[in-house]
Amino acid sequence: MTTIDTRYDGQLRCHAVHGPSGSELDTDAPTDNQGRGERFSPTDLVATALSTCILTLLGITAERQGWRLEGATARVEKTMTSSGVRRIELLEVWIALPGDLSPEQRQQLIRAGETCPVKESLEGAVPMRLHWS
């Protein structure tokens, strides 16, 4: 179990502390929802969780196999609904793998990335599209 303590600081901003490490982060509401958009919004963190989870699973797989993965990138685009209940409408992720991987290595990494815990947790609740290159 991991504990994260969060405090509301006013002006639609929150401050969170990760219990195990003491790492801290601040959030702000986005400009399209009454905030200043000067920090990650809560839904930005969901999108960030997806992209970093994918890269982390790729890293675990690569390290286990002795492959170099440095330079792999992920870009996530978050689209919010424009009517009805405000929620994430789509998370779309473009993952770029290093060019010197064999086809077999690429397939193994793709399989690992497609099963990251964040993606598995969001499956069925938030539409997601992953693009691999």
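- Around atom CZ of Arg68, no more than 12 heavy atoms belonging to other residues, nucleotides or ligands sit under 6.0 Å away.
- For the pair Trp67 and Leu69, the minimum side-chain heavy-atom distance is 4.5 Å or more.
- Atom CD of Glu70 has more than 12 neighbouring heavy atoms from other residues, nucleotides or ligands inside a 6.0 Å radius.
- Nearest heavy-atom pair across Ala112 and Thr61 is CB-OG1, 3.2 Å.
- One hydrophobic cluster, built from ILVMFWY side chains closer than 4.5 Å, holds both Trp132 and Leu109.
- The backbone N or O of Arg13 lies less than 3.5 Å from no partner atom in the side chain of Asp28, so there is not a single donor-acceptor pair.
- How far CG of Leu55 is from CG of Leu97: 9.0 Å, rounded to the nearest 0.5 Å.
- Leu57 contributes atom CG, which lies 10.5 Å from atom OG1 of Thr52 (distance to the nearest 0.5 angstrom).
- Contact check for Thr56 versus Cys116: no side-chain heavy atoms found under the 4.5 Å cut-off.
- Between Gly113 and Ile54 the shortest heavy-atom distance is O-CG1, 3.8 Å.
- In terms of hydrophobic clustering, with Ile, Leu, Val, Met, Phe, Trp and Tyr side chains grouped at heavy-atom distances under 4.5 Å, Met128 and Val118 are assigned to a common cluster.
- Taking the side chain as every heavy atom from C-beta outward, Ser51 and Leu91 never approach each other to under 4.5 Å.
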Side chain to side chain contact (heavy atoms under 4.5 Å, CB included) evaluation trace for Glu24 with Val17: CA-CA 5 Å; Glu24 302 179 25; Val17 179; 3.9 Å; yes
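- Using a 4.5 Å heavy-atom cutoff, the side chains of Phe40 and Thr48 are in contact.
- With a 4.5 Å cut-off on side-chain heavy atoms, Lys119 and Leu130 count as touching.
- Asn33 and Ala29 get closest at one heavy-atom pair: O-CB, 3.8 Å.
- Using a 4.5 Å cut-off on side-chain heavy atoms (C-beta onward), Met80 and Ile88 make contact.
- Side-chain contact between Gln65 and Gln105 is absent, with no heavy atoms from C-beta onward closer than 4.5 Å.
- The distance from atom CZ of Arg106 to atom CZ of Arg111, rounded to the nearest 0.5 Å, is 12.5 Å.
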Side chain to side chain contact (heavy atoms under 4.5 Å, CB included) evaluation trace for Leu50 with Lys78: CA-CA 11 Å; Leu50 178 60; Lys78 174 195 73 171; over 6 Å; no
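- Closest heavy-atom contact between Val76 and Ala47: CG1-O, 3.7 Å.
- Clustering ILVMFWY residues whenever any of their side-chain heavy atoms sit less than 4.5 angstrom apart, transitively, puts Ile4 in a cluster other than the one holding Leu25.
- When all heavy atoms of Pro30 and Arg86 are compared, the pair lying nearest together is CG-NH2, 3.7 Å.
- In this structure, CZ on Arg36 lies 14.5 Å from OG on Ser41, to the nearest 0.5 angstrom.
- Asp5 has no carboxylate O lying under 4.0 Å from a charged side-chain N of Arg7, or vice versa, which leaves the two without a salt bridge.
- Atom CD of Gln11 has 12 or fewer neighbouring heavy atoms from other residues, nucleotides or ligands inside a 6.0 Å radius.
- Between the side chain of Thr81 and the backbone N or O of Val85 there is at least one donor-acceptor pair closer than 3.5 Å.
- Under the 4.5 Å side-chain criterion, counting only non-hydrogen atoms from C-beta, Leu58 is in contact with Ile95.
- Note on Leu12 and Leu45: separate hydrophobic clusters, where clusters join Ile, Leu, Val, Met, Phe, Trp and Tyr whose side-chain heavy atoms are under 4.5 Å apart, directly or indirectly.
- Residues Leu122 and Trp94 do not share a hydrophobic cluster, clusters being chains of Ile/Leu/Val/Met/Phe/Trp/Tyr side chains in contact below 4.5 Å.
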